[in-house]
Structure formats: structure tokens, C-alpha cells
Amino acid sequence: MKKTSRAKPATAAQKTTSRASKEPARDYPDLHEHLAALDRAGMLITVDREINKDTEMHPLVRWQFRGGIAEPDRKAFLFTNVTDSKGHKYDIPVVVGALAANREIYSTGMGCKIEDIGKTWNHAIANPIKPRVLKEAPCQEIVIMGKDLLKPGQGLDGIPVPISSPGWDNAPYTTLSQYISKDPETGIQNMGIYRGQIKSPTRLGMNPSLENQPGIYAHWEKAKAKGEKLPAAVILGCPPCVAFTSAQKLSEDTDELDVAGGLAGAPINVVKCKTVDLLVPAEAEIVIEGYIITKDLEPEAPFGESHGHVNLQEYNAYMEVTAITRRKKAILTSIISQVTPSESSLIKRVALEPVFTNHLKRNLGIKGVKRVSMHEPLTNLRKVIAVVVDRKTPPTEVWRALYGASSLLRSGGKFVIAINDDIDPDNADALFWAMSYRANYSLDLQILHHRDPGHGPRSERNHGEDASLLVDATLKDDFPPIALPKREYMENAKKIWEELNLPPLRPEAPWFGYSLGDWTERNEIMAKRAVKSDYFITGEEIAKQRRSDLPMNTEIKHHMDEAYFAKAAKSNKALAKKAPAKKSAAKTAAKTAAKKAVPSKKSAKSKK
């Protein structure tokens with residue numbers, strides 16, 4: 001394996017550029033131009049050595065998700081020499097990780113900065129743009145139909161679809177496959193990502209995961225009620241703006257291609273399929289056309305799924321292929337799914353988090369919500385949801401946010417946790433920290449019954465129903481500071497660390513201490529003395545505060561006169577200004593001031 005510096009593909013699409021004069025004008029990059037941008041940015045690894053798609057490809061890319069490699073260091077992999085276990089060679093390259101191996105790759109495809117992804121999505125959803133219908137398109141440079149599909153290498157057997165989990169999966173499955181269908185009643189198209197088992201040169205499986213409320217299932221049911229087959233088109237590789245939109249959760253009356261136009265800021269070019277009445281992206285790499293059968297189902301799976309377990313065999317739909325169209329230089333896109341984090345989970349996460357935040361802030365009007373974070377490693381996003389709220393948010397609004405987040409998706413939010421913004425929701429340790437010290441489970445916990453169990457291994461317990469656990473792990477009282485050195489000391493120590501050429505640091509929040517409200521002026525004075533090595537002054541002071549009427553571990557703040565501390569502090573400041581060089585004199589004066597200010601034992605007892 002090597003990263004090559006082969007001749008670069010054409011420059012990324014600007015306003016109206018294209019690689020060929022006959023290619024239609026557009027305002028967004030296609031897949032080839034996106035890969036060129038990744039290559040220039042050092043985020044694309046090209047593998048020219050022979051790679052077996054059924055045993056080697058996905059395990060190789062998988063290592064960057066399970067091998068301790070930080071997310072920013074993950075890459076896209078382009079395989080140019082693809083074979084299978086029978087030695088068959090394919091003329092179509094395969095790219096894995098090109099859409100969301102890391103956030104930088106995703107933001108490159110979005111055409112915006114990482115920090116602007118949320119607002120870019122919100123703008124696109126609010127401002128959809130209808131597509132532009134063409135008569136000819138790059139995705140139909142090669143057209144195979146009818147009996148030609150049965151010729152060796154001309155049907156699905158000619159597409160190098162990888163096996164995702166060798167040793168468990170029962171066949172290759174399309175993973176980044178956008179199924180396009182049309183509502184038989186309204187005529188509105190839907191586009192969503194569903195897995196597709198390669199069953200024969202002309203037969204493709206379709207599993208829509210019903211717990212996620214897929215639009216294609218509603219279309220399938222309507223077609224079934226009419227006794228008709230459901231026309232469908234499956235996209236394998238397309239412009240990033242189209243691929244990202246297919247993973248977004250939109251209302252059933254919204255055509256994802258319109259939102260893709262909103263994302264691009266211009267109409268998406270589309271063309272009518274050759275054998276079914278559907279519009280598909282003109283710059284798609286490969287398009288599989290056909291009809292999904294509604295009269296019966298057939299076994300599908302086992303297949304490793306995004307909940308981290310193998311989805312065992314079940315009855316699902318299948319599609320009879322009527323045509324395959326593609327570019328002459330098509331590139332197949334495959335994504336890493338299964339155990340999270342994965343490319344699949346990151347695509348969904350960066351799309352879903354803004355939807356949750358927008359729902360709570362705008363739809364429900366909860367002003368204290370700052371953002372929503374979905375936990376990705378192993379739990380696969382929907383199970384653990386953190387709602388970050390401002391500390392001043394009233395408890396009633398915190399709970400409204402918890403209920404709102406738990407009800408947005410049918411199966412979303414097994415654990416919904418409210419936290420303040422000093423807690424990093426991406427750090428599970430920090431979440432447990434907040435849940436351990438900021439929540440009283442006799443007051444701050446609710447269980448919502450009768451929930452859909454969602455995507456995962458199935459159980460008949462409780463009649464197949466699950467529940468959600470809601471936790472308010474926000475601060476309700478002032479707490480003492482976080483027990484780490486203050487920021488300025490950690491930053492200074494970081495410079496020394498680097499001067500010593502020690503291993504690179506990756507700061508994890510919290511990496512410096514900060515106040516949570518329970519910190520008096522007296523405490524601050526003592527801490528400042530300590531870093532100036534004047535802590536013996538504090539020792540002299542506290543010697544005058546001895547008590548014989550209290551048990552150990554009694555908190556000082558509940559039994560001392562704050563007026564005393566303020567007066568003693570003022571005296572110490574004045575003395576320090578008068579004679580900074582005469583330490584012994586300052587100590588004596590401090591003792592005298594403290595002695596005058598300290599209440600007698602008798603008066604202390606009478607106050608008590």
C-alpha cells in the first residue's frame with residue numbers, strides 16, 4: 001500500500017467548469033472532483049496493489065477506526081486494482097472513506113468550515129431548490145439493459161461491491177446505496193440509504209430498517225396495496241451534496257434532491273431513468289434501475305450492522321434489475337459501517353445533531369439549549385443523547401428539553417442526559433462524572449415507558465418494548481472549583497513540556513481548573529498567597545481560628561464570620577504594600593490584625 005502522486009484528476013468544480021465539454025454545467029463538485037480535492041489536501045490514499053474486495057478491502061480501512069488512530073488522521077482510500085477470491089479483476093475502482101472518514105473530509109464535501117456544518121444544514125433544509133432536468137447525462141454514458149444483464153460481468157456481478165464483515169456477512173452488500181422511489185399517491189420522490197445484498201446478476205436485496213421510519217417502506221406499502229411493483233433506482237456513487245442529503249432525516253413530503261440543491265446553492269442536475277419513471281442525479285457514478293417486488297419477501301442477511309452486532313437473517317424486500325447505467329470512468333463508493341465509530345455513523349451524526357438542536361431551540365422554543373451531541377463510539381448515536389444547556393436554564397426548561405429530545409425520533413434516546421457546557425459530551429468519562437456528582441437520582445431521573453427498542457438485537461422481553469432513561473445532570477447548586485491547576489499554570493507548563501521535547505499533548509477537557517461558584521474571596525486570597533510562596537501567612541491566620549466544639553470534616557463556611565475574613569484580608573493587603581521587603585514585620589502585623597479581628601470563643605459560642 002502506498003500513497004501515490006499520480007496525475008491529479010481535474011480541478012474541483014467552480015461555477016460552471018466540467019471535465020468534458022459535453023458534460024452539463026453545474027455549481028457543485030462531482031465525486032471525481034471531490035477526490036481530487038481530498039488528494040490535494042493529503043486526505044486520500046491511493047492503493048495500486050491488488051486488493052481482494054471480499055477479504056481485504058474493508059478490513060484494511062477498518063483498522064483506522066479500530067486501531068487507535070485519531071479521527072483527524074483518518075483518510076479516504078481509493079483502490080484501483082480490485083479483485084475477488086476467484087481472481088476476477090474489475091475495471092471499476094472502489095473508494096472507501098471518501099465522504100466521512102473524518103470531519104475535515106465531510107466539510108470538504110459540504111463546501112464549508114467544520115464549525116459551519118450545522119448552520120449550513122439548517123439553511124439548506126429551509127431553502128430547498130428544485131433540480132434541473134436534463135435530456136442526457138454522464139451517468140448514462142454506458143447503458144446495459146434486458147438480456148445483456150445476464151452476460152458475464154454485465155449485471156451486478158460486474159460491480160466490485162465489497163464484503164463489509166468477512167467471516168459473518170453472507171454476500172457483498174451495497175452500503176452507500178441511495179434508493180430512490182416515488183410515492184404512488186403524491187408523486188414525491190424519496191431518497192434514503194439502505195443496504196442491498198447482491199443476490200444474482202439481476203437481483204438486489206433491500207432492507208429499510210423499519211425502526212428508522214424510512215420513506216421507501218411507506219411507498220412499498222402503498223404499491224403493495226395497489227397490487228403493483230415499486231419502481232426504484234439505486235445510486236452507487238454521486239456528488240457529495242447528494243450523498244449527504246440522503247442520510248439526512250427529512251419530512252416525508254420533502255424530496256431529498258431539493259434539499260441537496262439547497263446544500264449546493266443551485267439546482268442538482270437530474271435525468272430520467274431508462275426503464276423506470278424516476279429522476280436520478282446526472283453525475284451519479286452507477287445507477288441500478290428496477291422494480292421492488294411487493295407480492296412477497298425473501299431471506300436477507302446475516303450482515304454486520306451499525307448497532308455493532310450481526311443482523312441475523314430475516315425476510316426483506318428484493319429488487320429485480322431492469323437496467324444498469326454508469327459513467328465510462330465510474331468509481332464505486334463504499335462506506336465503513338458496522339461497529340461505531342464508522343464512516344456511516346459520522347455521516348449521520350453531523351446531519352442529525354443540527355436537526356435535534358434546531359428542534360429544541362426553534363420548534364420547541366427552549367432558549368437555554370446550546371447544542372445536542374449524539375454519542376458515537378459503540379452505542380451508534382441514537383442510544384445516548386446529551387443535551388447541552390446554559391447553567392441559568394430553569395429546571396422546567398431542562399426537562400422540556402429532555403422530553404423533546406427523547407420524542408423526536410421513534411427509537412431515539414435510550415439515555416438522554418442534560419449537562420452544562422463545561423462538560424464535554426464527546427467524553428463518556430465526563431458524562432459519567434456529571435451524572436455521578438450533579439444528579440440526585442431520587443430527584444433528577446425519569447423513566448419513559450413504551451418506547452420502540454430501535455436498531456439492535458431483538459428481545460421478546462417486556463413484549464418487545466423498551467424504555468428511555470432521562471437524567472438531569474446539570475448543576476443545581478454552586479460547586480467548588482474543578483481540582484486542576486488554573487489555566488495560566490497549565491498553559492505555562494505546556495510550554496515547558498514542549499521545550500523538553502516530550503510526546504505531543506492532546507488536551508482533554510477539563511485540562512485546567514475553573515470555578516463553579518462556591519469559591520470565596522478568602523479562598524482566592526489564600527490560593528494567591530500559596531503560588532507566591534507566602535503560605536505561612538495563611539498558616540498563622542488559621543492557627544487563630546481553632547475550635548474545640550466541632551467534629552472533624554465540618555465545613556468552615558458554615559461556622560465562620562465572613563466579616564472577619566474580609567477584614568483580615570484587607571489588613572494583609574495594606575501591610576504587604578507598606579513593607580513588601582520586611583517579611584517578618586509583615587507576619588507580625590498580620591498576626592496583630594488577625595488577633596484584633598478574630599471573635600472570641602465566648603462571642604463565637606453566643607452567635608452559635
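Each residue takes its place number in the sequence, starting with 1.
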Drop me the distance from [X]'s [atom1] to [Y]'s [atom2], to the nearest 0.5 angstrom.
X	Y	atom1	atom2	answer
I105	L38	CD1	CG	5.5 Å
Y194	S246	OH	OG	9.0 Å
R362	N122	CZ	CG	5.5 Å
I188	D183	CD1	CG	6.5 Å
E555	D518	CD	CG	7.5 Å
L346	R74	CG	CZ	7.0 Å

- Query: Name the one of D478, D422, D472 that satisfies salt bridge (Lys or Arg N to Asp or Glu O under 4.0 Å) with R438?
  - Reply: D422

- Task: Kindly assign one of parallel, tilted or perpendicular to the pair Y403 and W399, based on the angle between their ring planes and the thresholds 30° and 60°.
- Result: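 Because their plane-to-plane angle lies in the 30° to 60° range, the rings of Y403 and W399 count as tilted.
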
Is any side-chain heavy atom of [X] closer than 4.5 Å to a side-chain heavy atom of [Y]?
X	Y	result
P131	D258	yes
V416	V471	no
W63	I69	no
P425	R371	yes
Y514	L484	no
D444	K476	yes
Q178	C238	yes
L352	R382	yes

Minimal non-hydrogen separation, [X] against [Y], with atom names:
X	Y	value
A509	N427	O-ND2, 3.7 Å
A37	T108	CB-CG2, 4.1 Å
T333	L31	OG1-CD2, 3.4 Å
V387	A405	CG2-CB, 3.9 Å
A247	I347	CB-CG2, 3.4 Å
P341	F65	O-CD2, 3.5 Å

- If you measure only the distance, is there a donor-acceptor pair under 3.5 Å linking the side chains of S337 and S342?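 Their side chains do not contain a donor-acceptor pair, so the 3.5 Å distance test is not met.
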
- In terms of side-chain heavy atoms, does N311 have a donor or acceptor partner in R195 at a distance below 3.5 Å?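 The answer is yes; a qualifying pair exists.
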
When you measure from the side chain of [X] to the backbone of [Y], do you find a donor-acceptor pair of N or O atoms at a distance under 3.5 Å?
X	Y	value
Q248	A351	yes
Q338	G304	yes
N127	H123	yes
E104	P72	no
H309	H307	yes
T474	I419	no
H34	A98	yes
S406	G413	no
R451	G412	yes
T393	V389	no

- Message: Under the rule for side chain to side chain donor-acceptor pair (under 3.5 Å), what residues qualify as partners of K383, not counting sequence neighbours?
- Response: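 K383 satisfies side chain to side chain donor-acceptor pair (under 3.5 Å) with no other residue.
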
- Contacts of R349 meeting side chain to side chain donor-acceptor pair (under 3.5 Å) (sequence neighbours excluded), chain-then-number -> E353, S373, E376, D426

- More than 12 non-hydrogen atoms from neighbouring residues, nucleotides or ligands closer than 6.0 Å to CZ on F479, yes or no? yes

- Has E508 got more than 12 heavy atoms of other residues, nucleotides or ligands less than 6.0 Å from its CD?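 For E508, atom CD is not crowded (no more than 12 foreign heavy atoms under 6.0 Å).
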
- Item | Single hit among V372, L408, I366, V369 for side-chain contact (heavy atoms from CB on, under 4.5 Å) with H359 | L408

Could [X] and [Y] be called an ion pair, given the rule that one side-chain N must be under 4.0 Å from one carboxylate O?
X	Y	result
E397	R400	yes
E524	K486	yes
E498	K494	yes

- Going through the distances and angles, do T520 and N523 end up as a side-chain hydrogen bond (donor to acceptor under 3.5 Å, both in side chains)? CA-CA 5 Å; T520 65; N523 290 333; 3.1 Å; yes

- Item | Pair I268-C241, side-chain contact (heavy atoms from CB on, under 4.5 Å): steps then yes or no | CA-CA 9 Å; I268 300 299; C241 61; 3.7 Å; yes

- Dump the intermediate steps for side-chain contact (heavy atoms from CB on, under 4.5 Å) on T340 and L381, then the final yes or no. CA-CA 9 Å; T340 55; L381 302 180; 6.0 Å; no

